[in-house]
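It should be emphasised that the depicted structure is a prediction, and the values quoted were computed from it without experimental measurement. Chain letters run A, B, ... following the sequence lines, proteins first and then strands; every chain starts at 1.
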Protein chains: 2
Amino acid sequence: MMSAQFKTSKPIYSQIADKIVQQFVRGELIPGEKLPSVREMAIQAGVNPNTIQRTYGELERLGVVETKRGQGTFMTEEIDMKRKLRSDIQREIIALFIENMRSIGLEDREIHESVQSFLNGGESGHD
Amino acid sequence: MMSAQFKTSKPIYSQIADKIVQQFVRGELIPGEKLPSVREMAIQAGVNPNTIQRTYGELERLGVVETKRGQGTFMTEEIDMKRKLRSDIQREIIALFIENMRSIGLEDREIHESVQSFLNGGESGHD
DNA sequence: ATTAGTGTACTATTGAAATAGTACACTAAT
DNA sequence: ATTAGTGTACTATTTCAATAGTACACTAAT
């Protein structure tokens, strides 16, 4: 399905991890759901199995997935994880955005207007 | 002045280029101004001269600086460059922001509210 | 016990960024 | 002509993400 285009600026294993977290937060992956095996996911993403191994390892470290040896890798059943992730990520995104806008010398009022203008202007298009 | 902390996710030469562009857009660097030599800038940034060489090369490719062999590297005198850069970068920042927010399933209305909330919330800055 | 599917742990290689060091070419000032 | 300061062009080495391939350990089903 997704041969995926990766950005050069960030490790692929991390980009894949981001994508899984996004799907979880959006509800496209549900708590307890089994993820594709390391080998299968590697095929789907068009990368080496070792890359997925690192992705899953990173996600487990974050508490997003739980691995059961011999059975597979599953989305966590932690009831609050989804909300926590959504909240944390949202905060990160906004902080980065504001930082970037201020870095080019924009005032808060201009930042506010820019967002409004963009959303109304309809330069949409996403994945 | 800036021993600088670099992020691991992006090439250092590119991060330094970004910083120079930001300073130019903010008016801290003016058209025609001479930049530190490759060697001097390397010392200031705490990196290898080759890294700065790549930074200047990239900036020249973008038309942000002009190099005069034997004299140094100077900010471009192109009258519209500052405005163009500011505009382009601003568009990039906003597009990335919107894309990120939508990736975690937020509606445009929620995006708008988040920005408002963040700016009013008072995490540094004012106005 | 065997098998298939899984996670895990290795070793080795490739490619890009960064580092390190050297050398050359141009400009301005003397 | 010489010197200092500059951009530029090399070669070599290191580090890390990614790739490639192999082997082992655990689980469930048969």
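- Within the structure, the ring-ring contact (aromatic ring centres under 6.0 Å, His included) test picks out the following pairs touching residues 79-108 of chain B (sequence neighbours left out): A:F97-B:F97.
- Contacts of A:E113 classified as side-chain contact (heavy atoms from CB on, under 4.5 Å), with partners at least two apart in sequence or in another chain: A:R109.
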Side-chain donor-acceptor pairs under 3.5 Å in residues 72-82 of chain A, sequence neighbours left out?
residue	atom	partner	partner atom	Å
A:T76	OG1	A:E66	OE2	3.4
A:T76	OG1	A:E78	N	3.1
A:D80	OD1	A:R83	NH2	2.6

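- Put simply, A:T51 has a side-chain N or O that comes within less than 4.0 Å of OP1 or OP2 on D:dT19.
- When atom types are taken as modelled, the side chain of A:E110 and the backbone of A:E107 share a donor-acceptor pair closer than 3.5 angstrom.
- Counting only distance, with no hydrogens or angles, the side chain of A:T55 and the backbone of A:T51 share a donor-acceptor pair below 3.5 Å.
- Summarising the geometry, the separation between CG on A:L35 and C1' on C:dG5 is reported as 16 Å, rounded to the nearest angstrom.
- For B:E40, there are no salt bridge (Lys or Arg N to Asp or Glu O under 4.0 Å) partners at least two apart in sequence or on another chain.
- For A:Q53, there are no side-chain hydrogen bond (donor to acceptor under 3.5 Å, both in side chains) partners at least two apart in sequence or on another chain.
- The distance between atom CD1 of A:I43 and atom P of C:dG5, rounded to the nearest whole Å, is 12 Å.
- B:E60 is linked by a salt bridge (Lys or Arg N to Asp or Glu O under 4.0 Å) to nothing, counting only residues two or more places apart in sequence or in another chain.
- Residue A:T73 places no side-chain N or O under 4.0 Å from the OP1 or OP2 atom of C:dT6.
- If you measure from atom OH of A:Y13 to atom P of D:dT19, you get 13 Å, rounded to the nearest angstrom.
- Among the nucleotides D:dG21, D:dT8, C:dG21, the one closest to the side chain of B:R39 is D:dT8.
- Among residue pairs with one or both ends in residues 23-34 of chain B, those qualifying as salt bridge (charged side-chain N to carboxylate O under 4.0 Å, His left out) are B:R26-B:E28; sequence neighbours excluded.
- Of the residues in residues 53-71 of chain A, A:R54, A:R69, A:G70, A:Q71 come within less than 4.0 Å of DNA chain D through at least one heavy atom, sorted by number.
- With D:dA17, D:dA20, D:dT6 as the candidates, the nucleotide lying closest to the side chain of A:P11 is D:dA17.
- Rounded to whole Å, atom P of C:dT22 lies 13 Å from atom CG of B:N48.
- Secondary structure note: stems in DNA chain D built from 3 or more consecutive Watson-Crick or G-U wobble pairs under 3.5 Å occupy C:1-30 with D:1-30.
- When the P atom of D:dG7 is taken as reference, atom CE of B:M41 falls 10 Å away, rounded to whole Å.
- Atom NZ of A:K34 and atom C1' of D:dA28 are 12 Å apart (whole Å).
- Between the C1' atom of D:dG7 and the CD atom of B:E40 lies a distance of 15 Å, rounded to the nearest Å.
- The distance from atom CZ of B:F74 to atom C1' of D:dG7 is 11 Å, rounded to the nearest whole Å.
- Listed nucleotides D:dC10, D:dG7, C:dT6 differ in distance to A:S37; the shortest reach to its side chain belongs to C:dT6.
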